[in-house]
Amino acid sequence: MAEKISFEAPRGMRDFYPEDMVWRNKVFDAFRASGEAFGFMPYDACVVESYELLARKAGEEVGEQIYHFFDKSERHIALRAEMTPTLARMVAQRQKELRFPLKWTTIAQCFRYERMTKGRKREHYQWNLDIIGEDSVLAEAEVIGAAVDALKRMGLTSADFKVRVSSRKFLGELLAKSGIPAEKHAQVFLALDKRGKMPDSEIAAMLRDGGLGEADVAATFAIMDTKSYAGCAELEELFALAATAGFADCLQFDISVIRGLSYYTGIVFECFDTAGEFRAIFGGGRYDNLLTTIGGEPTSAVGLGFGDVVVTELLKSRLGESAASGKKGVSVGFMTDAERDAALRLATSLRSEGEQVDLALKPSKPKKFFSNADQRGSAKAVYIGPDDVSSGKARMKDMTTREEKELSLV
RNA sequence: GCGGGAGUAGAUCAAUUGGUUAGAUCAACAGAUUGUGAUUCUGUGGGUUGCGGGUUCGAGUCCCGUCUCCUGCCCCA
């Protein structure tokens with residue numbers, strides 16, 4: 001007898017039971033529908049990449065968080081933590097033959113070895129939208145618009161979430177205007193990112209540790225209180241485009257949106273639930289160095305990453321745990337083996353008409369059959385006994401109203 | 001990486017603070033009930049109390065270790 005091993009999935013890895021799959025499909029369906037509606041071309045790629053590609057792009061301590069291993073030929077292999085390096089590789093490989101701008105989308109399974117918290121596993125699916133090779137702010141507007149569209153398809157409204165937007169370029173100009181030297185900007189970005197998560201006194205201390213004088217610290221705090229994007233042409237244009245497209249009510253200017261120390265260079269954005277209960281729903285921005293980091297030609301791009309975990313938690317919280325499951329399909333059952341073929345013929349006939357049919361696999365008592373049909377969520381049920389076979393008629397019951405409608409057996 | 005809480009039946013929880021054979025309610029299964037699912041009644045199965053060690057006459061309960069889950073922080077797809 002084999003030794004019993006744990007039935008649990010490895011830490012941080014996810015199983016999708018049928019009741020989970022209902023939610024995942026709801027979310028993925030919205031991703032795909034919005035991607036198509038906004039004209040993005042689907043693509044896909046290998047889950048495994050060379051460690052070198054991922055580590056180069058990720059930099060810093062993120063390398064520690066990559067699942068990696070050596071294959072049988074000692075190649076250093078890693079599971080992707082995000083899609084961007086892979087996208088960069090694929091675009092660079094065909095950079096000369098592709099016609100820009102590209103609008104590409106994918107739902108990518110990504111892995112990351114780190115401490116688990118609410119809304120964060122070691123494995124997740126991330127919907128990616130990228131527009132590559134386009135400088136127009138309309139690119140940002142389309143990417144954000146598509147993500148907002150997906151949230152609405154899932155059943156949320158602008159009252160449930162807000163997309164906070166800012167611009168790194170704008171922030172950099174404000175800092176420069178205040179006389180803070182460019183080499184200190186990274187420090188300020190870090191501090192700004194902490195606003196609200198940490199007392200101001202500690203943020204001030206962080207800034208001083210970073211080599212800023214008192215005047216610079218004061219100037220930084222003044223900039224943190226910036227409430228208007230007036231004077232930033234690209235943000236003004238983005239808000240105007242959002243108004244034209246009809247989703248301006250979902251946008252908010254927020255100078256503190258930084259997106260960490262990552263590669264963004266222009267407009268950046270993050271979407272949060274209005275109640276502030278969950279982590280960021282999606283985030284992204286413009287990055288000019290997508291291809292140059294791996295040795296390709298300079299190309300500007302706008303990208304968005306939208307994970308499945310947080311939004312699913314949000315949907316369950318706002319719409320209810322059972323919101324994704326609706327009654328559908330027909331259950332067909334039979335009393336004894338003598339009616340089995342009649343049941344199979346009926347199931348076959350219903351299926352050819354496009355019905356989703358769950359045929360009982362063995363005879364069952366009516367009580368049991370209807371109980372099971374109810375449990376699995378069938379909208380209708382037909383139970384066939386000897387009398388039905390001899391009369392050539394059976395009754396299809398609506399599981400909600402309990403009304404019965406006669407139908408003839410074949 | 002740092003801190004807090006918790007693990008008892010399929011699920012939610014008890015167990016008089018260390019005392020006899022670990023209980024209840026749902027759920028499941030069978031029957032009352034061989035022709036139609038929400039009621040009722042009867043019965044049945046179900047547990048190495050997360051795992052390992054220790055203290056004790058005796059451990060679900062106390063101690064140590066370990067694993068897992070939840071929850072803050074750090075960080076971030």
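Within every chain, numbering begins at 1; the chains are lettered A, B, ... in the order of the sequence lines, protein sequences first and strands thereafter.
For A/F370, the side-chain atoms get nearest to B/U36 when compared with the rest of B/U36, B/A77, B/C75. Candidate nucleotides B/U36, B/C75, B/A77 were compared by shortest atom distance to the side chain of A/K397, and B/U36 ranks first. You'll find that the side chain of A/Y383 is closest to B/U36, out of B/A77, B/C75, B/U36.
Nearest heavy atom pair, residue A/T265 against residue A/N289, reads CG2-ND2, 4.1 Å.
Protein atom OH of A/Y17 is 12 Å distant from nucleotide atom C1' of B/G10, rounded to whole Å. With rounding to whole Å, A/R279 atom CZ is found 12 Å from B/U71 atom C1'. For the pair A/F369 CZ and B/G37 P, the interatomic distance rounds to 12 Å; values are reported in whole Å. Note: CG (A/L304) to C1' (B/A77) measures 12 Å, nearest angstrom. Look at CE on A/M396: it is 15 Å from C1' on B/U36, rounded to the nearest Å. Note: CD (A/E82) to P (B/C75) measures 18 Å, nearest angstrom. Atom CG of A/L79 and atom P of B/A77 are 18 Å apart (whole Å). Per the geometry, CG belonging to A/L53 stands 15 Å off C1' belonging to B/A77, to the nearest Å.
Taking the P atom of each, B/G23 and B/A9 are spaced 14 Å apart, rounded to whole Å. Comparing the C1' positions of B/G47 and B/A24 gives a spacing of 15 Å, expressed to the nearest Å. Taking atom P in both B/G4 and B/A77, one finds a spacing of 29 Å when rounded to whole Å. As rounded to the nearest Å, B/U56 and B/C13 have P atoms that lie 35 Å from one another. When the C1' atom is used for both B/G50 and B/A6, the distance is 12 Å, rounded to whole Å. Between the C1' atoms of B/C26 and B/A14, the separation comes to 14 Å (whole Å). Going from the C1' atom of B/C63 to that of B/U21 covers 27 Å, rounded to whole Å. Atom P of B/G43 sits at a distance of 26 Å from the matching atom of B/U48, rounded to the whole Å.
Residues A/E277 and A/R318 are paired through a salt bridge, judged by an N-O separation under 4.0 Å between the basic side chain and the carboxylate. Between A/R402 and A/D398 there is no salt bridge, since none of the side-chain N atoms of the basic residue sits less than 4.0 Å from a carboxylate O of the acidic one. The pair A/D20-A/R14 does not meet the salt-bridge criterion, since no charged nitrogen lies less than 4.0 angstrom from a carboxylate oxygen. Ionic pairing of A/E403 and A/K397 is not present here: no N-O contact between side-chain nitrogen and carboxylate oxygen is shorter than 4.0 angstrom.
Taking the salt bridge (charged side-chain N to carboxylate O under 4.0 Å, His left out) definition, one finds that A/R351 meets it with nothing, sequence neighbours left out. Annotation: ring-ring contact (aromatic ring centres under 6.0 Å, His included) contacts of A/F253 (sequence neighbours excluded): A/Y229.
For B/A38, its base sits under 3.5 Å from the side chain of A/R402 at one donor and acceptor pair at least.
Judged by closest nucleotide on RNA chain B, A/D388 is the one of A/D388 and A/H124 placed further toward the 5' end.
The six-membered or imidazole ring of A/F334 lies away from that of A/Y383, with a centre-to-centre distance of 6.0 Å or more.
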Distances under 3.5 Å between nitrogen or oxygen atoms of protein and nucleotides 25-32 of chain B:
from: B/C29; atom 1: OP1; to: A/K368; atom 2: NZ; distance (Å): 2.4

Donor-acceptor contacts under 3.5 Å from residues 96-111 of chain A side chains, at least two apart:
from: A/K103; atom 1: NZ; to: A/F38; atom 2: O; distance (Å): 2.7
from: A/T105; atom 1: OG1; to: A/W127; atom 2: NE1; distance (Å): 2.9
from: A/T105; atom 1: OG1; to: A/N128; atom 2: O; distance (Å): 2.9
from: A/T106; atom 1: OG1; to: A/Y43; atom 2: O; distance (Å): 2.7
from: A/Q109; atom 1: NE2; to: A/E123; atom 2: OE2; distance (Å): 2.7
from: A/Q109; atom 1: NE2; to: A/Y125; atom 2: OH; distance (Å): 3.4

Bracket notation of RNA chain B in which parentheses pair within the strand, [ ] cross earlier pairs, and | pairs with another strand (Watson-Crick or G-U, under 3.5 Å): (((((((..((((.....[...)))).(((((.......))))).....(((((..]....))))))))))))....
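Here CD of A/E406 is found 9.0 Å from CG of A/D388. Values are rounded to the nearest 0.5 Å. Taking CD from A/E173 and CZ from A/F170, the interatomic distance works out to 7.5 Å, rounded to the nearest 0.5 Å.
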Criterion side-chain hydrogen bond (donor to acceptor under 3.5 Å, both in side chains) on A/S300 and A/E134, from CA distance to verdict: CA-CA 6 Å; A/S300 176; A/E134 179 53 62; over 6 Å; no
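Looking at heavy-atom distances under 4.0 Å, A/M83 makes no contact with the nucleic acid at all. Residue contacts for A/N128: at a heavy-atom cut-off of 4.0 Å it reaches no nucleic acid atom on any strand shown. Residue-level contact check: A/G385 touches the bases, meaning some heavy atom is under 4.0 Å from a base atom.
In this structure, A/R122 is positioned above the aromatic face of A/Y113, its NZ or CZ under 6.0 Å from the six-membered ring centre and within 45° of the axis. For the pair A/R112 and A/Y67, the cation does not sit on the ring face, since its NZ or CZ is not both under 6.0 Å from the ring centre and inside 45° of the axis.
Non-hydrogen atoms lying under 4.0 Å from RNA chain B are contributed by A/M335, all within residues 334-346 of chain A.
Using a 90° window around 0 for the glycosidic torsion, B/U17 falls inside it and is classed as syn.
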